Structure formats: C-alpha cells, structure tokens
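Along the sequence shown, residues carry numbers from 1. This is a predicted model, so every value here is computed, not measured.
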Amino acid sequence: MIVAFCRLWSCTLNSRMLPSSLELVFVAFILILPFLYESSKAFRYYFKFFIYYGIVMTTAVVVIPIMMCRPKDVKNLLLASSLCRHISCLVGLKWELRGQEHLEKEQACIIVANHQSSLDILGMFDIWPVMDKCTVVAKKELYYAWPFGLAAWLCGLIFIDRLNSDKARATINKATTLIKEKKIKMWVFPEGTRNNTGNILPFKKGAFHVAIAAQVPVLPVIFSSYYFLDNNSKEFESGNIIITTLPPIKTEGLCKSDVEDLMNRTRATMLEAFTVTSKEVQAAALMKTPSY
C-alpha cells in the first residue's frame with residue numbers, strides 16, 4: 001500500500017510543481033509509520049486507541065441522522081455494532097463467545113459484567129447481534145462526549161448521575177419498567193470503575209437491587225483478562241478474549257434483604273469463570289510466542 005502511494009505521489013509530482021513542505025511531512029510520516037508501529041510499544045498503544053476512537057466517532061457522525069428516525073430505540077445499537085465490529089480486527093483483537101444460548105434468549109434481565117477497559121465496548125459490539133435488544137447503564141459524563149454521546153443517547157443508553165444516588169435510582173427504576181415490558185436486557189458494570197489488574201473488584205449493590213425489585217434474572221457475563229493491555233507501560237498488543245455467559249440467576253421470591261447474598265454469589269461465580277478463562281487465554285498466548 002505504501003509503495004502504491006509513493007508511485008501515485010510521484011506521478012502527481014510529474015504533473016505539477018514541486019510539493020509543499022506539508023506534503024513532504026505527510027509523505028515522511030507515511031514512510032516512517034510502519035517502522036514506528038513495529039519498533040515502539042508506546043506508539044502502537046496510542047495508534048491503536050486512535051484508530052479505535054477515531055472510527056467510533058466517525059461512525060457516530062454517519063449514523064446519527066439515521067438514528068434520528070427512531071430516537072432512543074435500542075435496535076439502533078445493532079446498526080452501530082455492525083459498522084464498528086471490524087475495529088477489533090484492525091487493532092488485533094479476537095473475541096470468542098461461550099454460553100451463547102443464555103445471551104440470545106429473549107428476556108428482560110440485568111446483565112452484570114466485569115469492566116477492564118474501554119475495549120469492553122468492542123466486545124459488546126461483537127456480541128450485540130446475539131443480544132439483539134440490550135441497553136447499557138453509563139455515567140452521564142459520556143453523554144457529553146459528542147458525537148459519541150449523542151449517538152449513544154439515540155441508541156437508548158441510560159445515563160445516570162453517579163454523584164446523585166436518588167436521581168440515578170429514579171432513572172434506572174423508570175427504565176426497568178420499560179425493559180420488562182419490551183423484554184430488553186440491561187447491561188451494568190457493577191464494579192463501578194475500570195479495573196485491569198487481573199481481578200474483579202467488589203460489586204456495588206445497585207444492579208442487584210434493581211433485579212430483585214423487578215423480579216428479573218441476573219445474567220453474568222465475564223470477559224477474560226486483557227493480558228495484552230497495560231496502561232501503565234503503554235502496551236497494547238494483539239490478543240484473544242473469551243466472553244463467557246453463565247446461566248441466569250433467578251430472583252423470583254427474593255426480597256431486599258437478599259441483595260447482598262445475591263451480589264456475593266454472582267461475583268463468586270464470575271470470579272471463578274474469570275480465573276479459568278484468563279488462564280486459558282494466557283496459556284494459549286504463551287504457546288504462540290516464538291522462543292529464541
């Protein structure tokens with residue numbers, strides 16, 4: 001691709017005056033890009049996130065006019081995911097879904113998932129056609145990251161103010177009524193923050209309060225460890241991730257006093273699956289690593 005570009009540029013030179021300094025800088029950058037990508041971990045890290053965020057923002061601009069025809073419809077997320085799924089290939093990620101039969105069932109439920117990075121969204125894009133109707137609880141700050149925030153709002157995401165618990169609870173309770181009526185899944189990250197330390201943080205109770213109040217099941221979804229990503233050392237290599245969907249945990253007959261037990265049981269099962277699948281992907285990665 002670079003050779004073809006150079007030939008095209010050479011032909012352009014023959015047809016007009018000498019190139020400007022800006023053009024020379026651009027060509028030099030194109031030529032040095034492969035070297036930087038292969039030799040610098042930090043460059044790969046920032047370049048991959050630039051590609052990721054750049055495509056998502058560009059896609060948001062493209063789909064906003066379409067989504068305005070059916071605002072706040074969770075089906076809009078199917079369009080967004082179909083246009084953004086290819087990003088995983090561009091940045092070297094491969095997702096494997098297990099327990100699909102639990103995720104594809106048409107039912108209202110509260111999906112609880114571990115949260116390691118913004119890359120989780122790419123995994124969600126990959127499995128959205130399986131989930132079909134699903135919304136996500138997100139912090140309200142994301143809404144102001146336009147054009148992504150506007151597109152997310154048009155997709156029916158639920159934005160909550162984490163600093164105002166009463167308002168956040170009212171927003172989620174209102175949304176819960178809708179998901180029960182239309183059999184929509186609600187995706188929640190109960191850790192409350194990103195955590196890529198090889199563990200799952202203690203859960204917050206909000207998602208489990210909602211599940212019991214609405215008497216809908218809790219559906220655990222676990223992303224295996226992002227062994228290929230290290231934000232401290234600025235490392236973002238290629239990697240495989242296993243997404244495991246466990247059988248739904250019923251809440252019929254449970255009451256407010258059962259929230260903590262439900263939360264602890266859910267986290268325990270998720271932590272077990274996380275440990276097993278993380279060891280599996282890391283062992284597979286070691287086997288592929290060439291020895292010298």
Q215 side-chain N/O to T251 backbone N/O, donor-acceptor pair under 3.5 Å: yes

With sequence neighbours left out, write down each residue that passes ring pair (Phe, Tyr, Trp, His ring centres under 6.0 Å) with Y52, or none if nothing qualifies. none

Of all heavy-atom pairs between F159 and Y143, which one has the smallest distance, and what is that distance? CE2-N, 3.6 Å

Quick one: does any side-chain atom of R85 pair with a main-chain N or O of D126 as donor and acceptor, under 3.5 Å? yes

Quiz question: by atom type and distance under 3.5 Å, do the side chains of S225 and Q282 form a donor-acceptor pair? yes

Can you tell me how far the OH atom of Y227 sits from the CD atom of Q116, to the nearest 0.5 Å? 12.0 Å

Please report the interatomic distance CD(E280) to OG1(T275), rounded to the nearest 0.5 Å. 13.0 Å

Establish, from distance only, whether the side-chain atoms of T197 and N195 form a donor-acceptor pair under 3.5 Å. yes

Between W187 and T135, is any side-chain donor less than 3.5 angstrom from a side-chain acceptor? no

Can a donor-acceptor pair be found, under 3.5 Å and without considering hydrogens, that links the side chain of R44 to the backbone of F236? no

Is there a donor-acceptor contact under 3.5 Å from the side chain of D261 to the main chain of D258? no

Is a side-chain donor-acceptor pair under 3.5 Å present for Y45 with D230? no

Between K133 and E106, does the salt bridge (Lys or Arg N to Asp or Glu O under 4.0 Å) criterion hold? Intermediate values first, please. CA-CA 8 Å; K133 294 186 297 184; E106 186 180 10; 3.2 Å; yes

Going from CD1 on I243 to CZ on F223, what distance comes out if it is rounded to the nearest 0.5 angstrom? 4.5 Å

Quick one: are P220 and I249 in side-chain contact, heavy atoms under 4.5 Å? yes

Less than 4.0 Å between a side-chain N and a carboxylate O, is that true for K94 and E96? no

Quick check: does any side chain N or O of K234 sit under 3.5 Å from a backbone N or O of F43, one acting as donor and the other as acceptor? no

NZ-OG distance between K48 and S238, expressed to the nearest 0.5 angstrom: 4.0 Å

Within a 6.0 Å radius of atom CD on E272, are there more than 12 heavy atoms belonging to other residues, nucleotides or ligands? no

S224 side chain to I241 main-chain N or O, any donor-acceptor pair under 3.5 Å? no

Rounded distance (nearest 0.5 Å) linking atom CG of L150 with atom CD1 of I64: 4.0 Å

CD1-SG distance between I184 and C134, expressed to the nearest 0.5 angstrom: 9.0 Å

Less than 4.0 angstrom from a charged side-chain N to a carboxylate O is my criterion; do K139 and D161 meet it? no

Looking at S40 and Y37, would you say the former's side chain and the latter's main chain have a donor-acceptor pair under 3.5 Å? no

Can the ring centres of Y53 and F49 be said to be less than 6.0 Å apart? yes

Side chains of V112 and R267, heavy atoms from C-beta outward: is any pair under 4.5 Å? no

Step by step, work out the side chain to side chain contact (heavy atoms under 4.5 Å, CB included) result for N114 and F189. CA-CA 6 Å; N114 58 317; F189 292 111; over 6 Å; no

Find out whether V216 and V210 are in side-chain contact, i.e. whether some heavy atom of one side chain is under 4.5 Å from a heavy atom of the other. no

Are more than 12 heavy atoms from other residues, nucleotides or ligands located less than 6.0 Å from atom NZ of K204? no

Using a 3.5 Å distance criterion without hydrogens, assess whether the side chain of N264 forms a donor-acceptor pair with backbone atoms of E260. yes

Would a distance-only check, ignoring hydrogens and angles, find a side-chain to backbone donor-acceptor pair under 3.5 Å from N76 to R70? yes

Side-chain touch I158/V136, heavy atoms, less than 4.5 angstrom: no

E191 side chain vs L201 backbone, donor-acceptor pair below 3.5 Å: yes

